[in-house]
Amino acid sequence: MSQIPSPEGAARVEKLLGWAPEHWRPVFGGYTPTARFSVASGNRTAFVKIATTEVTAKQINREIVAYSSISGSFVPLILAAEPHATTPILIIEDLSGAVWPPPWTDALVHEVLDAVSVMHQTSTGLPHGGLLQGREAGWPSVAADPASFLSLGLVSSQWLENALPALLASEAACLLAGDALTHLDLRSDNLCITSEGVKFIDWAEACRSDPAVDLGFFLPSLAFEGGPLPETILPGRADVAATVSGFFAARAGLPDIPLSPFVRRVQREQLSTALPWAIRALDLPAPDGRY
């Protein structure tokens, strides 16, 4: 990543902010090649995102729409935004001084779960749908072509053949529709704790959908990072466990995405706790893979 954006990009940021950043600090992290900067001039600070690819342009444009459609204590202050076909810019408050878990404590877990609950009770004009619309990739995809999932070595082909009927039926029973404001990309790198409370960032996937599914997608990463098991927070939801595990099972074994090479690693991490959750919820046999 460049230490500063292009002269054109810097000029656009200056115009949007109404002041000229004197310091540009690249912010590394995230799983896409979006250009991220913490900028400052005197006591003024901001966090800047600039798209660098067609995919990141679509994501930032969606996020700009989301920020215009939601409000609440859990939403960072948006300072400026400029939609653009190829290089949209989003500028929010600088949250680099916040607490970014892990590590997790019981108090932090409860504080974040309370904020998730508040979010789910917040009205929004965002459309219904989200990344699960159409169920295009889950256990049905694994059943149709199991090679990439089996390549992970988590289970044998015989285990999968025996378990698929229960996984498919439970995923099909999961209701995805709903009117709750849902983030659908909750992970520790997309949330922080400030003096004003919990803030959620990266709203590109936000929509109206089912709150239990939204929470269910957060729980495997929380467990992977040392938090509680998913069923202690969302008990009795084998349908959600099957949906979440199916989402990652259909993707984690696929080839790396060239411009987002860390996505598959994160999906494998989440699958490592999501699949055991589904196994426990459906009372399936223990996995028999080599890993």
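Quantities reported herein were computed from a predicted structural model and do not represent experimental measurements. Quick note: residue numbers are just sequence positions, from 1.
How far CD of Gln267 is from CD1 of Ile257: 6.5 Å, rounded to the nearest 0.5 Å. One distance of note links CG of Leu150 with OG of Ser157; it measures 6.0 Å at 0.5 Å rounding. Atom CG of Leu275 sits about 9.5 Å away from atom CZ of Arg280, to the nearest 0.5 Å.
Side-chain N/O atoms of Ser260 and Thr32 include no donor and acceptor closer than 3.5 Å. No side-chain N or O of Ser151 forms a donor-acceptor pair with one of Ser148 less than 3.5 Å apart.
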Can you check salt bridge (charged side-chain N to carboxylate O under 4.0 Å, His left out) on Lys49 and Asp202, steps first, answer last?
CA-CA 10 Å; Lys49 293 172 69 172; Asp202 286 4; 3.0 Å; yes
Does the salt bridge (charged side-chain N to carboxylate O under 4.0 Å, His left out) test come out yes or no for Arg237 and Glu231, once each step is laid out?
CA-CA 8 Å; Arg237 293 304 303 265; Glu231 61 265 36; over 6 Å; no
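Contact annotation: the side chain of Val39 approaches that of Leu17 to within less than 4.5 Å [non-hydrogen atoms, C-beta and beyond]. Between His84 and Thr86 there is a side-chain heavy-atom pair separated by less than 4.5 Å. Annotation: side chain of Thr182 is not in contact with side chain of Phe217 (no heavy-atom distance under 4.5 Å). Considering only heavy atoms from C-beta on, Val198 comes within 4.5 Å of Phe200 through its side chain.
Nearest heavy atom pair, residue Leu282 against residue Ala166, reads CD1-O, 4.0 Å. Between Pro127 and Cys207, the shortest heavy-atom contact is O-CB, 3.4 Å. Taking all atoms of both residues into account, the shortest heavy-atom contact from Ser245 to Ala274 is CB-O, 3.6 Å. For Ile89 against Gly9, the heavy-atom pair with the smallest separation is CD1-O, 4.3 Å.
With respect to Glu225 and Arg187, no salt bridge is recorded, no charged nitrogen being found less than 4.0 Å from a carboxylate O. Ion pairing between Glu205 and Arg62 holds under the 4.0 Å rule for side-chain N and carboxylate O. With respect to the salt-bridge test (charged N to carboxylate O, under 4.0 angstrom), the residues Asp94 and Arg25 do not qualify.
Remark: Pro165 engages no residue in a side chain to side chain contact (heavy atoms under 4.5 Å, CB included) (not counting sequence neighbours).
Thr122 places a side-chain N or O within 3.5 Å of a backbone atom of Val118 that can act as its donor or acceptor partner. Thr124 places a side-chain N or O within 3.5 Å of a backbone atom of Leu126 that can act as its donor or acceptor partner. With hydrogens and angles ignored, the 3.5 Å screen pairs no side-chain donor or acceptor of Asn61 with any backbone N or O of Pro83.
Using the six-membered ring where Trp is involved, Tyr31 and Phe262 have ring planes that are perpendicular, over 60° apart on the 30 and 60° scheme.
Aromatic ring centres of Phe247 and Trp139 lie farther apart than the 6.0 Å criterion allows.
Screening residues 255-268 for salt bridge (charged side-chain N to carboxylate O under 4.0 Å, His left out) gives Arg265-Glu269 as the qualifying pairs, with residues at least two apart or on separate chains.
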